[in-house]
Every structure is written in structure tokens, then in C-alpha cells.
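Here the structure comes first, spelled out in C-alpha cells, and everything after it is commentary.
Proteins get letters first, then strands, A, B, ... in listed order; numbering begins at 1 in each.
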Amino acid sequence: MTEAADAHAPATLPKTYDPAATEARWQGAWEAAGAFRADPGAPGEPFSVVIPPPNVTGSLHMGHGFEAALIDTIVRFQRLQGRNVLCLPGTDHASIAVQTILEKQIRAEGGHKDDLGRDAFLERAWSWKAQSEGTIKGQMRRLGYSVDWSRERFTLDPDLSAAVVEAFVRLHEQGLIYRGEYLVNWCPASGSAVSDLEVEMKELEGQLWHFRYPLSDGAAGGIDHLVVATTRPETMLGDTGVAVHPTDPRYAALVGRTITLPLVGRAIPIVADEHVDPAFGTGCVKVTPAHDPNDFAIGARHGLPLITVMAKDGTMNEAAGRFAGLDRFEARKAVVAAMEAEGLLVKVEPHRHSVPYSDRGKVPVEPLLSTQWFVKTEPLAARCRDALERGEPRFVPERWARVYRDWLTDIRDWCISRQLWWGHRIPAWFVVSETDGVITETTPYVVARGEAEARARAEERFGAAAAAAGRALQLEQDPDVLDTWFSSGLWPFSTLGWPDETSADLATWYPTSTLVTGFDIIFFWVARMTMMAGAFLQEGEVPLGGRDTWIPFRDVMIHGLVRDENNRKMSKSAGNGIDPLPLIERYGADALRFALVREVAGAGQDIRLDYHRASGASSTVEAARNFANKLFNATRFALMNLGGETPASLGLPPLAELESEDRWLLSRLARTSAQAAELYAGYRLGEAAKLLYEFAWNDLCDQYIEWSKPRLAAEDPADRRVARGVLAYSLEALLRMLHPLMPHLTEELWHGLTGSSADTFLALQRWPQPEAAWVDAEHESAFQFGIDAVRAIRNLRALSGVKPAEKLSVGIHTATAARQAFVAANREKIARLVGAANLHWEPEPTAGQLLGIVDSDAQVGLTVPLQSLEALRSRLEKDLARAEKEIAGLAGRLANPNFAGKAPAEVVAECRENLAEAEAQAELARRRLKELG
RNA sequence: GCCCGAUUAGCUCAGCGGUAGAGCGCCUGCCUUACAAGCAGGAUGUCGCUGGUUCGAACCCGGCAUCGGGCACCA
């Protein structure tokens with residue numbers, strides 16, 4: 001109760017809002033109370049979100065902050081709607097990224113991971129993870145993320161690791177995982193294979209070397225050599241053929257003959273293959289099946305041998321002969337030099353081409369033949385495509401569905417093994433006793449859930465033969481780990497308890513309601529999750545557990561990226577990431593959240609945060625901070641004027657007792673509440689933010705509070721009680737509506753306003769339910785006249801140059817009885833708002849007044865010595881010009897017979913009204929100008 | 001090469017068939033006891049160009065230009 005008492009002692013409230021202490025206090029209170037702990041048994045329709053787990057690679061940047069703001073806004077809104085909400089946090093182990101960081105650290109210390117050994121390295125990785133995770137969780141708390149920390153997960157947690165093993169075993173049993181020797185993207189920097197998605201094509205200025213390859217057995221048809229072009233001379237050492245197009249007349253006679261490969265001396269065949277473009281270069285292509293994906297395909301078609309000339313560290317191997325040991329780029333120079341020395345270099349041309357780079361390693365990837373594990377993707381992708389045909393999942397904005405679908409079409413198999421240590425070890429055990437104690441391409445293996453199961457399975461298959469041969473079975477687990485995205489792909493169900501199908505969390509919250517993520521990981525993650533779900537959350541075509549779908553989320557909201565002040569994508573490697581913390585410290589988490597969300601109204605567009613790196617200032621966030629301060633002061637004002645009462649104690653007065661501004665505000669409130677709910681629910685969060693901003697600042701503060709001020713301080717208790725009731729009710733409703741966007745501030749102000757005890761939270765209240773019947777266009781337009789009249793009078797005052805403090809005699813002239821009644825009823829309020837000594841309202845203006853136009857039916861007048869006729873004249877001329885321009889346009893339209901004939905009747909009627917209005921205004925302006933002489 | 005997005009006030013962006021809005025910035029005047037992180041008043045745009053559809057286009061359709069992004073990739 002001390003809290004409420006404090007809140008109701010306005011003298012103690014400062015004039016500006018200080019977010020830091022307030023935000024920390026509520027974050028602590030929510031967490032201590034377990035306010036966001038989800039309960040499968042709780043009432044309400046389930047609503048769930050699993051947050052995209054950030055990598056434990058350091059800290060969160062503004063992009064994460066943006067995503068957090070979006071997710072938390074959605075989640076808090078749904079909580080206010082009474083849904084049984086789960087918002088599940090977690091982090092991702094980010095195999096290759098973390099290992100890269102650690103290896104770099106170790107190298108900087110002068111060591112090497114191989115000297116450290118696997119166990120020590122992993123120990124170090126875990127401590128890095130603990131530190132990074134701590135930082136990230138601290139940042140999430142600072143943002144006010146309303147997640148259920150009791151359900152926090154990390155992808156390497158024991159239960160999630162068990163899920164990974166289970167997934168691997170089942171996919172293997174389904175025949176969707178296989179092991180084989182293929183050309184993979186090898187990243188020499190990380191010493192591991194990477195998937196196609198981890199390769200980025202870079203356009204580079206390179207060179208095209210033309211080599212002469214002599215025919216083995218002399219000239220044929222006048223040709224004794226072929227010229228091939230290559231961007232990678234060093235690979236010629238592994239050439240096992242030369243290809244020409246089957247219909248190319250120049251070379252038809254040569255197909256089937258052989259070339260003697262220079263520098264190597266190997267005889268290699270000339271083959272005919274459709275892949276060759278006769279128009280490019282000489283129309284002859286060297287074929288290096290072990291070092292180029294296209295050549296690999298050509299080689300396969302023609303049975304060409306695979307000769308690997310490079311080792312996994314990017315140096316040439318023994319098969320490269322005298323070039324062995326050279327780095328691939330040195331080897332390139334050496335091969336070119338050798339060819340030139342032999343007179344076989346025809347020419348070198350500059351050549352722009354795309355080079356595959358490793359995303360993580362930042363070096364060119366090497367297509368390298370190696371034995372890896374793969375997921376057969378087509379069957380899984382097919383299920384996802386079918387689901388998408390049915391509209392599952394629903395993408396917001398819709399256009400991303402196509403991007404997702406296109407990627408799932410013509411999808412290639414997914415290389416999932418990584419030659420790394422940090423990650424989920426592949427649950428496959430090689431029966432090395434079958435191959436002399438070492439792992440080779442042909443060593444048999446068993447896939448199992450653990451070593452014991454592996455041993456049992458191995459025993460079953462190889463035990464008898466081994467015993468017969470007098471060998472003891474010897475098992476060795478595959479040293480490699482799985483692609484990080486393999487475990488991320490299970491995230492929406494592994495975090496909910498899968499593979500335990502009886503898990504209450506899974507039963508309650510799967511499928512999840514909404515996935516919020518960036519367009520840059522639709523392939524990496526969204527598609528992998530749907531594919532994995534397709535393998536495990538359905539049986540045949542039927543979703544498990546009696547669900548209506550196995551797709552892991554109903555909606556996928558795709559957001560844009562936060563770009564830096566120079567419009568660049570933020571990234572760790574570019575070092576241009578913006579840290580949210582300094583902005584939070586400077587302006588408050590609520591301000592940052594509000595700014596980020598308000599900026600996003602254009603669905604799915606990238607946002608640019610204006611941010612002056614040197615000063616740390618951001619005018620966008622500052623504007624949001626100012627808004628927070630406005631709300632703070634509005635509430636402060638309310639507390640000073642409610643006489644210690646609360647929304648509950650005041651209640652809402654009967655409609656019959658309400659005055660114009662009360663009815664107007666409640667009508668606006670009812671509209672706003674309905675609209676804002678619709679916008680939030682439809683993920684149009686930026687529009688919701690703008691709508692509420694306008695309601696709060698324009699309607700509640702600028703209009704309602706200013707109009708009702710005299711009543712709030714009125715002598716008569718009955719009188720002021722009505723205004724207090726309306727103010728308290730509306731402000732409280734506003735705080736509820738803004739809570740998803742600015743959780744801490746609204747929680748604080750709500751407690752101040754309602755006097756609720758510290759263990760009751762706005763976060764757990766309900767969305768306001770104003771009566772739909774309060775929406776009343778007539779009351780709104782009646783009051784709008786008051787607003788317009790006040791503005792016209794103030795404008796006139798400004799033009800007249802009278803001192804602001806000077807009280808004037810003011811007239812409002814209208815022939816409409818209802819408007820006269822409005823002025824009469826609100827005389828004191830209006831007089832106060834415009835600084836009038838007395839306010840009168842006759843139908844027609846009296847002589848000697850300075851007049852201004854409200855509309856065709858109303859003028860306002862000041863009795864004032866004319867000081868600046870010029871200002872007034874130019875104002876009237878402007879009014880006239882505007883009216884005349886409007887008349888011209890409207891009259892033109894009405895004169896068009898097609899318009900009257902084809903446009904909807906109400907549009908035509910409106911047009912006529914506007915024309916009459918404009919004509920009347922023009923006439924008034926002309927008269928006033930004439931009077932001015 | 002294929003696909004997608006953007007182009008609106010000085011800046012950052014909303015609006016997406018009935019004749020243009022916000023925030024910041026700018027101009028004028030105000031410390032009017034909720035708020036100067038504020039109040040009042042004000043100015044500012046051939047809505048990228050070009051055809052078309054329509055009674056009517058910033059908004060729909062076609063083309064073009066510029067910028068950004070994704071996918072594929074010929075040595």
C-alpha cells in the first residue's frame with residue numbers, strides 16, 4: 001500500500017520521467033513474481049512463440065533488439081487478450097561461428113586447438129557460452145522481454161541434444177540420411193565442409209587463362225591441339241577430360257580421341273557433353289571432376305576418373321606432382337608459369353566472374369571430394385510445398401511465401417556433417433575392427449541413440465563374423481558434429497518436450513502461433529523447421545496428437561533488417577553493429593522499443609535507425625522518449641487532479657451526465673481501442689503505435705485535458721467527478737493499450753493511477769472494453785467544431801499581433817442552432833482556451849471586429865485594435881486562393897457528365913457539398929478583404 | 001539471366017482508387033503551475049519518368065530510369 005500512497009503524492013513526482021530505475025524495478029518484479037511463467041493448464045486459448053535463439057557469439061545488436069520489440073509487443077498484446085501465452089527464450093550454440101571465434105582466440109595466445117585437444121577445447125567453449133549467454137540474457141531483460149525463463153533452452157542442453165540424436169536416428173531409419181563421397185563446399189579456413197547456404201557468391205575481377213592442350217597422337221583434320229580456358233589454372237592438374245559440345249562441327253571428329261595433359265603427362269579423353277556452350281571461348285572445356293561441381297556432373301556422365309589434387313588445408317597434394325605442398329594460390333601462379341615456360345599459355349584475359357566464398361571463413365570455398373553425411377531433402381520439401389498450397393504457414397507479408405516455396409523447389413541435398421568439435425556429435429559408430437582399426441570410406445557403421453545401443457546393433461550385425469574371425473568388435477564414434485541448423489530445425493518442438501509426445505507443453509502449445517524472424521533466414525531456418533516437422537510431427541499424412549496441422553507455426557511474420565546510419569546491413573564482421581544498451585541507457589528501453597516498432601509500419605521493410613555514433617544520439621528514439629515523458633506527465637497531471645481517487649473508485653459516469661468533450665473522448669477511445677486491437681492482431685504494429693501515439697497526444701492531452709481542466713478543479717464535487725471519471729477511465733485504457741509497446745512505463749503509471757498492489761500487474765490485465773455504442777459521429781463532429789473554432793481564434797490572435805496575455809472580446813458567429821448551443825454550453829472552456837475576457841455568439845458578426853473563417857457557416861471575431869492588417873490580408877488572400885482552387889477543381893468534376901453518371905451517388909453529393917462550402921468560404925473571404933479596403 | 005522490393009515535404013518514413021500525412025528539422029510567439037523532453041500558430045511536395053485503364057490515379061496495369069535485395073551462374 002505504500003506504493004499507492006507514494007503514487008498519490010504528486011509533490012514527490014519529478015517533472016521528467018527517468019526510465020532507468022523504473023524499468024529495472026519492473027523487470028525484477030515481473031520475474032520475481034513469475035508473471036510470465038506459462039502453465040499448460042491455465043485458462044485461455046493457447047498462444048505460443050518460440051523466439052529465434054540468438055547465437056552465443058557475444059552480444060545482441062540492434063537487429064535482435066528490433067526483433068525482440070516486435071515479438072514482445074505481439075506476445076504482450078495476446079496476453080492482454082486473455083490468451084494462455086508461452087514465450088520461450090533460448091540460445092543457439094552456433095557451431096562454426098563460435099568455434100571460429102575460439103580458434104582465433106587460441107591462435108592469438110600462440111596456441112592451436114589441436115594441441116589443446118577436444119576435451120579442453122570444449123571446456124573452453126562452454127565457458128565462452130556461459131559468458132555470452134549471460135550477456136545476452138541480461139540484454140533481453142533490459143529490453144523488457146516477457147519470456148518464460150523457466151523454460152529457457154540452449155541447443156546443446158541434454159534434452160535438446162537427445163532430441164537431435166532421436167531426429168538423426170529416425171531420419172536415418174526413414175532413409176533420409178545417408179553418408180557418401182561427394183563434392184562438398186570445403187572451407188579451408190574452418191577446416192570443415194559447409195552447406196550450400198553458407199556459401200556466398202562474390203563478383204570479382206579475375207582472369208581467364210587460355211591453355212593449349214596437345215592431342216596425344218598428332219594432328220587430326222588439321223588440328224593438333226585444343227585450347228581450353230580456365231579461371232583456376234591450378235586445377236588443371238586434376239583434369240581427367242576435355243569436353244566439347246556434341247553438335248559442334250569443329251570438334252566432331254575429335255571426340256573419343258585423347259589429349260596429353262601438359263605438366264602431368266596423363267592421357268585424357270575428349271568427350272561430347274551438352275553442358276558445353278560452343279559460343280563461349282573456344283568451345284572446349286577442361287574437365288576436373290574432383291574440383292568443380294559442373295565437371296563432377298560431366299565426369300559422372302562419361303565415367304571420367306576423379307583425381308583430387310588438393311588437400312583439406314588448401315595446399316596441393318601428392319597428386320599435384322611437383323606442385324605438391326604449395327598453397328592453392330601459389331600453385332596457381334606456378335602452374336601458369338610452367339605452362340608459359342612450355343609455350344602452352346595462349347593468352348590471359350581479364351574476366352569478371354563469381355567466386356564462392358565461405359560465409360564464416362571469408363575465404364574462397366574449395367569444391368572438394370569428401371565423405372560426408374547428407375539429408376535427402378526432396379521428400380521433406382515436397383510435404384512443405386504441399387502444406388504451402390493449403391496456406392500453411394501463412395506468411396506476413398504474403399510475398400515471402402513465394403521465396404520460401406521457390407527455395408523448396410529444386411532443392412539440393414543438405415550436407416549436415418561438420419569437421420568441428422563444438423556441436424552435436426554425429427550419433428554414428430564405425431565398426432573400425434572391420435577395417436583394421438581406422439575409419440575409411442568403406443568402414444561399416446551403425447546409427448544409434450547411444451554407445452550401448454550402438455554396441456548392441458553392431459554385435460547383431462557383425463558380432464558373429466567377427467567372433468568367427470577371432471576379432472573383438474571395436475567401435476568408434478564419428479568425430480564430426482552436425483550442422484547447427486540441424487538442431488535449430490527442431491527448435492519449435494524440441495523446446496516443447498519432443499520426442500516425448502506426451503509432453504503437456506507440446507500438447508498445449510504446438511503448433512506455435514507466430515514465428516517472427518528476418519527474411520535472411522527463411523531458408524536456413526524457417527524451411528528447415530518445416531522440413532523437420534514434416535519428418536517427425538506427422539504420421540503419413542496425418543499430424544500427430546490429433547492436431548489440425550504439423551506445420552510448426554500458424555503465421556510467419558517476416559521483418560526487415562535494421563540498417564546502420566549509412567544504410568548498411570549491420571554485421572559483426574563489418575563492425576557496424578549498433579549496441580542497443582547505450583540507447584536504452586540514454587532514452588529507456590520503452591523509448592527504444594517504441595521507436596523501433598513505430599518505424600516498421602511498412603510491412604517487412606528494412607528500417608534505418610538514425611543514430612549519431614559519435615554522440616550516441618538518435619532523434620527517432622529521442623522522439624519516442626519524449627512521448628514517454630508526455631505520458632508520464634499526463635498521468636502526473638491526472639494524479640494531481642483526481643483527488644486521490646482511482647479509475648475503480650470513480651467509475652464511469654452515466655452517459656447522460658457527460659459533457660461534449662467527454663462524449664467526444666469516449667467516442668475516440670472506443671474507435672481507437674477497436675482499431676488498435678485489429679492492427680496489433682494483424683501484425684501491423686507500426687500502425688498501432690502511430691494510432692495510439694496520436695490518440696494519446698492529440699486527443700487525450702491536447703484536447704481533452706485542456707478542455708476539461710476547469711471542470712477537474714471545479715468547486716462542485718458532482719461536477720468534477722464526471723470529468724475525473726472520464727479522465728481516469730480513458731487514461732487507464734490508454735495505458736493498457738500502450739502496454740505491449742512500452743511495458744515498463746505503462747506498468748509504472750498504471751500502478752500510480754490505480755493504486756494496485758505491487759504484486760498485481762498491468763501485464764496480466766485485459767485489453768480495455770469500451771462500449772461500441774460510445775462511437776458517435778455526431779458528438780465527434782459537434783466537438784470538432786469547437787476544436788476548429790478555437791484554432792481559428794488562436795490563429796486570428798497570432799495574426800493580430802496582440803500580446804498572448806491580453807484578454808480579448810471574442811465572438812463566434814454561426815447561424816446553426818446546435819452550434820450556438822454548443823458555444824453557450826462551453827462558453828467558459830472556450831474563453832479559457834482562447835484567452836477571451838468575454839465570449840459572445842450572435843448569428844452575424846458585429847461591425848468593428850477582426851474576422852476569421854472557420855467554415856461556410858461559422859466565423860470568429862476579435863474586438864481588437866488592428867495592428868497588422870497586412871498579415872490578416874495575406875491570410876485572407878491565401879484562404880481565398882485555396883477556396884478558388886478547390887472550386888475550380890470541384891466545379892470541373894461536376895461539369896463532367898460522366899462524373900455525375902458513373903461516380904457513386906455519395907461521392908457526387910459530397911462533391912456538391914464541398915463545392916457549396918468552398919464557394920461560401922470564398923465569398924466570405926472576398927467580403928472580408930473588401931472591408932479591409 | 002530469373003525474381004522481389006524501394007523511389008511521396010530538407011531528412012527518416014506512413015498512406016496504396018475520391019484529389020497528400022507523421023516525426024525530426026524550419027519560421028513566429030510563448031517558461032500559460034502536467035509536460036520547454038513542452039504549448040500555441042504557421043510554411044513546405046508537377047507523390048522517380050512515361051504511356052494506359054477509370055468519371056476520377058501517389059494508389060491499378062504496361063514500359064523506362066535509378067537504388068537495394070534474393071536466387072541461379074559458362075569454363
Please determine, for B:U44, whether a Watson-Crick or G-U wobble partner exists with both distances under 3.5 Å, and give it or none. none

Paired with B:G5 by Watson-Crick or G-U wobble geometry, both distances under 3.5 Å: which nucleotide is it? B:C67

Taking N and O atoms by type only, does the side chain of A:Glu706 place a donor or acceptor under 3.5 Å from a partner on the base of B:A34? yes

Return the minimal non-hydrogen interatomic distance between A:Val621 and A:Ala595, and the atom names on each side. CA-CB, 3.8 Å

Once you apply a heavy-atom cut-off of 4.0 Å, does A:Arg893 come out as touching a base, just sugar-phosphate, or nothing? base

Taking CG from A:Leu799 and P from B:G41, how many angstroms apart are they, rounded to a whole number? 12 Å

Just N and O in the side chain of A:Asn641: are any of them under 4.0 Å from OP1 or OP2 of B:A34? no

So A:Ile705, base contact, sugar-phosphate only, or nothing? Heavy-atom distance under 4.0 Å. base

B:G41 phosphate, OP1 or OP2, under 4.0 Å from A:Arg791 side-chain N/O: yes

Touch class at under 4.0 angstrom, heavy-atom based, for A:Pro897 against every strand present: nothing

Going from CD1 on A:Ile259 to CG on A:Asp239, what distance comes out if it is rounded to the nearest 0.5 angstrom? 10.0 Å

B:C35 pairs with which nucleotide, Watson-Crick or G-U wobble, both distances below 3.5 Å? none

Separation of B:G18 P from A:Asn914 CG (nearest whole Å): 14 Å

Do A:Trp400 and A:Tyr404 make the cut of ring centroids closer than 6.0 angstrom? no

Taking OP1 and OP2 of B:C4, is either one under 4.0 Å from a side-chain nitrogen or oxygen of A:Arg399? no

B:G62: pairing nucleotide in any strand, Watson-Crick or G-U under 3.5 angstrom: B:U50

Would you measure the distance from the C1' atom in B:G45 across to the matching atom in B:C11 and give it in whole Å? 14 Å

Among the nucleotides B:A6, B:A22, B:A40, whichever has the atom closest to the side chain of A:Arg794 is B:A40

Is it true that A:Glu274 and A:Arg301 have a side-chain N and a carboxylate O under 4.0 angstrom from each other? no

Would you mind classifying the nucleic acid contact of A:Asp610 as base, sugar-phosphate or nothing, using non-hydrogen atoms under 4.0 angstrom? nothing

Quick one: label A:Phe627 by what it contacts on the DNA or RNA (base, sugar-phosphate, nothing), any heavy atom closer than 4.0 Å. nothing

Watson-Crick or G-U wobble partner of B:G17, both distances under 3.5 Å: none

Distance, P atom - from B:G17 to B:C59, rounded to whole angstrom: 11 Å

Mark yes or no for a side-chain to base donor-acceptor pair under 3.5 Å between A:Arg625 and B:A37, with no hydrogen or angle criteria applied. yes

Now, which nucleotide makes the Watson-Crick or G-U wobble pair with B:G25, with each of the two distances under 3.5 Å? none

Under 4.0 Å between a Lys/Arg side-chain N and an Asp/Glu carboxylate O for A:Arg684 and A:Glu687? yes

Phosphate oxygens OP1/OP2 of B:C2: is one of them under 4.0 Å from a side-chain N or O of A:Trp407? no

Given B:A22, B:C55, B:A34, identify the nucleotide with an atom nearest to the side chain of A:Glu694. B:A22

So, do A:Asp273 and A:His245 sit near enough that their side-chain heavy atoms are less than 4.5 Å apart? no

Using a heavy-atom cut-off of 4.0 Å across all strands, would you classify A:His275 as base, sugar-phosphate, or nothing? nothing

Any side-chain N or O of A:Lys630 less than 4.0 Å from the OP1 or OP2 oxygen of B:C39? yes

A:Arg412 near the nucleic acid: base, sugar-phosphate alone, or nothing, with a heavy-atom cut-off under 4.0 Å? sugar-phosphate

What I want to check is whether an N or O donor and acceptor connect the side chain of A:Lys15 with the base of B:C35 at under 3.5 Å. no

What does A:Phe211 touch in the nucleic acid at a heavy-atom separation under 4.0 angstrom: a base, only the sugar-phosphate, or nothing? nothing

What does A:Cys911 touch in the nucleic acid at a heavy-atom separation under 4.0 angstrom: a base, only the sugar-phosphate, or nothing? nothing

Which part of the nucleic acid does A:Thr230 contact within heavy-atom distance under 4.0 Å: base, sugar-phosphate only, or nothing? sugar-phosphate

In terms of side-chain heavy atoms, does A:Glu622 have a donor or acceptor partner in A:Ser619 at a distance below 3.5 Å? no

A:Ala279 vs A:Leu700, nearer the 5' end of RNA chain B by closest nucleotide: A:Leu700

Within less than 4.0 Å of OP1 or OP2 of B:G56, is there a side-chain N or O belonging to A:Asn898? no

